[in-house]
There are 2 protein chains.
Amino acid sequence: MTSSVSRPSRVAKLPPRERILDAAEELFQAEGIQRVGVQAIAERAETTKMAIYRHFETKDALVAEWLRIVAAEYQAAFDRVEAEHPDHPRDQILGLARFIAHGLPRISHRGCPFVNSLAELPDKAHPARQVIEQHKARQTARLIGMCAAAGLADPGQTAAEITFVLEGAQVSMQNGSVDHVADRLMRTVERILDHA
Amino acid sequence: MTSSVSRPSRVAKLPPRERILDAAEELFQAEGIQRVGVQAIAERAETTKMAIYRHFETKDALVAEWLRIVAAEYQAAFDRVEAEHPDHPRDQILGLARFIAHGLPRISHRGCPFVNSLAELPDKAHPARQVIEQHKARQTARLIGMCAAAGLADPGQTAAEITFVLEGAQVSMQNGSVDHVADRLMRTVERILDHA
DNA sequence: GCCGTGTGATACCGTTCGGTATCGTAAGAA
DNA sequence: TTCTTACGATACCGAACGGTATCACACGGC
């Protein structure tokens, strides 16, 4: 009689590990890593601190796992975009830009999780930093590959330009310094590709 | 005999308020806002917590004052660049880009203070956020003005493009996903201006 | 039946945090 | 000189932090 009727809030409760990661995702994204205590994650996941420490060695390990999942989601989305335009690298690049542009509203309040996490994790040794660096490296390599496949004169330079613009659009969205960010982002990428 | 010979570390000790702000600047930039305690700031400023709370109502007020100073330094640098190329808006814009490019090495380890602070301050009501938003708004208005003065066809769009690139170059420098960031940044801005 | 494992609940530990109270004193203005 | 103001030092407060210990229970495999 303790919990049978207590909280049907989540239909057909997921196993604890998934609930913990879901709760961590929501809270870290909304409030940042440092402001969210392990206790708060446990409460939102409808479990306890002890359960969290059974699945993750430390809070840092949980942070790293969260970012690993976010990176995998980006990776999957990029795979999808790439598959939608086989052998049309220019459309693939525009698809990437469109994916970022579509994600801007969700970013507007709290920014990019990778950028935010880097800001909160100054020590290079933190396990989550390796996750971020690997993700960014893969993303860059993929973009350079697309630019090369598109036959652009200087794939490294064009890839850098597009990277700058994609990242910059996200921080400009967050700090509100530019209006119509999504439209302007798409126009910018198109112009870069046209003049490359 | 308490302190006459103790620590000549800072020549002709500045008044406490300046020392506090200097210490806060160094620590906030190096480790982030939340990881730096008031006690740590006091020690580095060679004073005490009490002295800090005599000059600043709360830690948040100290954070806001720090960002106000950083914003003023950027503003002053931009004024200087603008004055160096009177009536040559294109050179002014390139001067801005060069100023950011020159600052990249200092940013490489710990990123832009405004972006980092936004990541650490999720609540819109924080006094420091207004400082950041006003600074970004002024910066955007100034850039749009330069683009208009340069006779570009769409000053708002070109200013947005340059804003994206400047911000994006800084985050790419921080996360190490792009090499030769300074060179690529300058080339990108030149290309944008050439094709605007 | 039984027994091991994963889970929930609670209490606790040591540390650090932002912020306050108190007191002695050094220095400048009158 | 005397008085006021700013400063330094120390001790303290309540709260929150990351992490651990303990115990009870529910369930699945055998």
Side-chain angles (χ1 to χ4, degrees), chain A residues 1-10 12-24 27-28 31-66 117 120-123 125-128, chain B residues 1-10 12-24 27-28 31-66 117 120-123 125-128:
Chain A
M1 39 195 90
T2 54
S3 58
S4 62
V5 210
S6 63
R7 289 283 155 67
S9 62
R10 298 252 201 305
K13 255 188 180 177
L14 292 159
R17 190 168 195 277
E18 318 296 322
R19 290 187 339 242
I20 292 166
L21 284 168
D22 283 356
L27 291 175
F28 286 156
E31 304 183 38
I33 295 171
Q34 316 210 52
R35 302 185 86 90
V36 173
V38 179
Q39 172 73 26
I41 299 175
E43 287 171 7
R44 180 172 260 261
E46 296 181 35
T47 178
T48 62
K49 260 204 303 186
M50 271 312 300
I52 293 181
Y53 283 102
R54 279 198 204 90
H55 290 278
F56 304 93
E57 284 205 345
T58 64
K59 182 188 177 182
D60 287 344
L62 171 58
V63 171
E65 184 63 19
W66 162 57
S117 296
E120 293 198 76
L121 307 175
D123 54 332
H126 195 288
Chain B
M1 37 193 88
T2 54
S3 60
S4 63
V5 210
S6 64
R7 289 282 157 67
S9 61
R10 299 251 200 306
K13 254 189 182 179
L14 293 160
R17 188 169 196 277
E18 318 295 321
R19 295 194 329 254
I20 292 166
L21 284 168
D22 283 356
L27 292 175
F28 287 157
E31 305 184 38
I33 296 172
Q34 317 210 50
R35 303 186 84 92
V36 174
V38 179
Q39 172 73 27
I41 298 174
E43 287 172 7
R44 181 172 259 260
E46 296 181 35
T47 178
T48 62
K49 258 203 307 185
M50 271 313 300
I52 293 181
Y53 284 101
R54 273 197 277 269
H55 291 279
F56 304 93
E57 283 204 345
T58 64
K59 182 188 178 184
D60 287 343
L62 171 57
V63 171
E65 184 64 18
W66 163 56
S117 296
E120 293 199 78
L121 306 175
D123 54 331
H126 196 288

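Note on naming: letters A, B, ... go to the chains in the order of the sequence lines (proteins, then strands), and numbering restarts at 1 for each one.
Distance NZ (B/Lys59) to C1' (C/dC17): 8 Å, rounded to an integer number of Å. Protein atom CD of A/Glu46 is 15 Å distant from nucleotide atom P of C/dT7, rounded to whole Å. Spacing between atom CD of A/Glu43 and atom P of C/dA9 amounts to 11 Å, rounded to whole angstrom units. In this structure, A/Lys49 places its NZ atom 18 Å from P of C/dT7, rounding to the nearest Å. Look at CZ on A/Arg35: it is 11 Å from P on C/dG18, rounded to the nearest Å. The interatomic distance linking B/Asp60 (CG) with C/dG19 (P) rounds to 7 Å, in whole Å. Residue B/Leu62 contributes atom CG, which lies 14 Å from atom C1' of C/dG19 at whole-angstrom precision. Rounded to whole Å, atom C1' of D/dG18 lies 12 Å from atom NE2 of A/His126.
Between A/His55 and C/dT7, a side-chain N or O to OP1/OP2 separation shorter than 4.0 Å is present. When the side-chain nitrogen and oxygen atoms of A/Arg54 are compared with OP1 and OP2 of D/dG19, none of them lie within a distance under 4.0 Å.
The distance from the CG atom of B/Leu62 to the CD1 atom of B/Ile52 is 6.5 Å, given to the nearest 0.5 Å. Atom-to-atom distance recorded for B/Glu65:CD and B/Arg17:CZ is 5.0 Å, nearest 0.5 angstrom.
When the nearest nucleotides of DNA chain D are assigned to B/Arg17 and A/Gln39 by heavy-atom distance, the more 5′-ward of the two goes with B/Arg17.
Comparing C/dT22, C/dA9, C/dG8 against the side chain of B/Met50 picks out C/dT22 as the nearest. Nearest to the side chain of B/Thr48, among C/dG8, D/dT20, D/dA9, sits D/dA9. Set against C/dG19, D/dA9, D/dG18, the side chain of B/Thr58 has C/dG19 as its closest nucleotide.
Although no hydrogens or angles enter the test, the distance criterion places no donor-acceptor pair under 3.5 Å between the side chain of A/Gln34 and the main chain of B/Glu120.
Nucleic acid contact class of A/Thr47 (heavy atoms, under 4.0 Å, all strands): sugar-phosphate only.
Put simply, the residue from A/His55, A/Arg54, A/Glu46 that forms a side-chain contact (heavy atoms from CB on, under 4.5 Å) with A/Pro16 is A/His55.
With contacts defined as side-chain heavy-atom distances shorter than 4.5 Å, the pair A/Val63/A/Ser117 does not qualify.
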